[in-house]
Amino acid sequence: MTRRSFTLIEMVVSLGILLMILTISAMALSVVQRTWKSTADHEASLKQYRTIDLIVDVAFRNAIPFYWRDRNNKEVMIFSGEPDAVTLAYLHRINDRREGGIRFLRLFRQNRRLIAEYRKLPFLYDGAEEFEFEREVIAENVTDLSFIYADRRDDRLEWLESWDAEQMKNLPLAIQMEVRFSDGTQQNWLRRTAGNGQFQEWGRRLKTQK
């Protein structure tokens with residue numbers, strides 16, 4: 001019985017087919033990897049968005065005017081509305097009888113991260129670490145963070161880049177936070193504040209602004 005060997009043409013064709021199969025497999029694997037990475041990145045982004053949305057929903061919606069005496073014994077409202085950070089007091093669910101129903105929050109950007117800093121006692125002194133606080137990173141790769149604050153004047157809504165509580169004598173009607181990420185995406189969160197109306201505040205009646 002004679003044995004038949006492959007010709008050179010048959011070997012070249014076989015290698016070509018094998019190479020084509022390997023190329024198609026590599027392309028399919030690359031597509032799968034890109035799809036997996038895109039899905040993982042999207043899931044991570046959604047997780048960050050959900051975390052931000054939860055904090056904004058709880059803190060902004062439940063923000064209240066809260067007064068405290070500073071080092072000069074002057075009564076001041078614990079609210080600071082800066083273009084790139086906000087500090088406020090908000091009603092918080094009581095998880096422990098030793099905790100109060102009010103918490104103090106500061107949102108700001110540091111080292112490309114969106115930071116939430118919580119305290120049980122008011123923020124009053126810049127740079128002071130006299131009170132214990134909790135710090136949470138709620139978003140990564142943040143390139144820009146900005147806030148605007150809503151006020152009603154002459155029966156129309158006006159948006160301000162900063163909010164001086166001592167001058168305004170109350171909270172903004174609403175707070176909008178804009179977060180920009182390194183991938184070019186931009187997200188906005190807008191919530192109306194609680195404990196604040198056109199003619200009154202939490203536990204106080206005030207004159208309308210002129």
Side-chain angles (χ1 to χ4, degrees), residues 51-111 113-139 142 145-152 158-179 189-209:
T51 302
I52 298 172
D53 190 73
L54 176 61
I55 292 174
V56 166
D57 202 55
V58 170
F60 290 7
R61 283 187 185 277
N62 295 290
I64 58 170
F66 183 88
Y67 291 83
W68 195 263
R69 293 192 178 276
D70 63 14
R71 286 173 172 167
N72 299 319
N73 204 34
K74 179 182 177 181
E75 191 179 59
V76 296
M77 183 190 293
I78 308 302
F79 184 90
S80 176
E82 305 167 43
D84 58 355
V86 66
T87 301
L88 53 83
Y90 70 97
L91 294 178
H92 183 265
R93 181 179 61 189
I94 300 176
N95 299 314
D96 191 308
R97 289 183 301 176
R98 295 171 295 181
E99 295 182 355
I102 296 178
R103 293 190 76 181
F104 304 92
L105 168 70
R106 178 171 174 79
L107 287 172
F108 59 98
R109 185 176 73 96
Q110 185 179 70
N111 299 327
R113 293 175 170 178
L114 177 58
I115 307 293
E117 191 172 288
Y118 306 92
R119 297 195 186 195
K120 297 178 183 178
L121 294 175
F123 294 80
L124 277 178
Y125 318 120
D126 293 338
E129 300 297 340
E130 47 200 282
F131 300 138
E132 293 183 0
F133 63 90
E134 301 173 14
R135 181 172 291 183
E136 178 185 7
V137 177
I138 59 177
V142 175
L145 174 66
S146 61
F147 295 87
I148 53 175
Y149 309 90
D151 188 27
R152 184 179 295 280
E158 179 178 350
W159 289 96
L160 306 174
E161 293 184 354
S162 61
W163 188 273
D164 186 341
E166 184 175 357
Q167 177 183 354
M168 305 299 285
K169 304 300 182 184
N170 54 25
L171 291 180
L173 295 178
I175 304 172
Q176 177 176 297
M177 180 175 72
E178 179 180 286
V179 183
W189 284 267
L190 171 63
R191 297 292 188 278
R192 182 166 181 171
T193 58
N196 180 41
Q198 186 175 1
F199 302 104
Q200 65 182 2
E201 287 188 327
W202 183 266
R204 295 170 177 239
R205 292 193 72 85
L206 300 175
K207 296 180 180 179
T208 58
Q209 298 181 47

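Atom CD of Glu117 is separated from atom CD of Gln110 by 9.0 Å, given to the nearest 0.5 angstrom. Taken from CG in Leu105 to OH in Tyr90, the straight-line distance is 5.5 Å, to the nearest 0.5 Å. Annotation: the span from Ile78 atom CD1 to Thr87 atom OG1 amounts to 9.0 Å, rounded to 0.5 Å. Interatomic distance, CZ of Arg61 versus CZ of Arg192, reported as 11.0 Å (0.5 Å rounding). Distance check: Tyr118 OH to Ile55 CD1 gives 3.5 Å after rounding to the nearest 0.5 Å. Within the model, atoms CD of Glu161 and CG of Asp84 stand 11.0 Å from one another, a figure rounded to the nearest 0.5 Å.
Side-chain contact between Ile175 and Leu88: present, with at least one pair of heavy atoms (C-beta onward) separated by less than 4.5 Å. Looking at heavy atoms from C-beta onward, Ile52 lies in side-chain contact with Met177 at the 4.5 angstrom threshold. Side-chain contact between Gln176 and Trp159 is present, with at least one heavy-atom pair separated by less than 4.5 Å. Between Phe79 and Thr193, every side-chain heavy-atom pair lies at or beyond the 4.5 Å cut-off. In this structure, Ile138 and Ile115 have side chains that are not in contact, with every pair of non-hydrogen atoms separated by 4.5 Å or more. No side-chain heavy atom of Ser146 sits less than 4.5 Å from a side-chain heavy atom of Pro83.
Summarising the geometry of Leu171 relative to Ile64, their closest heavy-atom pair is CD1-C, 3.4 Å, with the distance given to 0.1 Å. Among all heavy-atom pairs drawn from Tyr149 and Glu82, the shortest one is OH-O, 2.7 Å. The shortest heavy-atom contact between Val58 and Asn62 is O-ND2, 2.7 Å. Across all their heavy atoms, Pro122 and Phe66 have their closest contact at CG-CE2, 4.0 Å. In terms of heavy-atom proximity, Phe108 sits nearest to Ala85 at CB-CB, 3.9 Å. Of all the heavy atoms in Ala165 and Met77, the pair that sits closest is CB-SD, 3.8 Å.
With hydrogens and angles disregarded, a donor-acceptor distance shorter than 3.5 Å links the side chain of Trp163 to the backbone of Asn170.
Residues forming a salt bridge (charged side-chain N to carboxylate O under 4.0 Å, His left out) with Asp53 (at least two apart in sequence, or on another chain): Arg191. Residues satisfying the salt bridge (charged side-chain N to carboxylate O under 4.0 Å, His left out) test with Arg109, not counting sequence neighbours, are none. For Glu178, the salt bridge (charged side-chain N to carboxylate O under 4.0 Å, His left out) partners two or more places apart in sequence, or in a different chain, are Arg180.
Within 6.0 Å of the CD atom in Glu158, the count of heavy atoms belonging to other residues, nucleotides or ligands exceeds 12.
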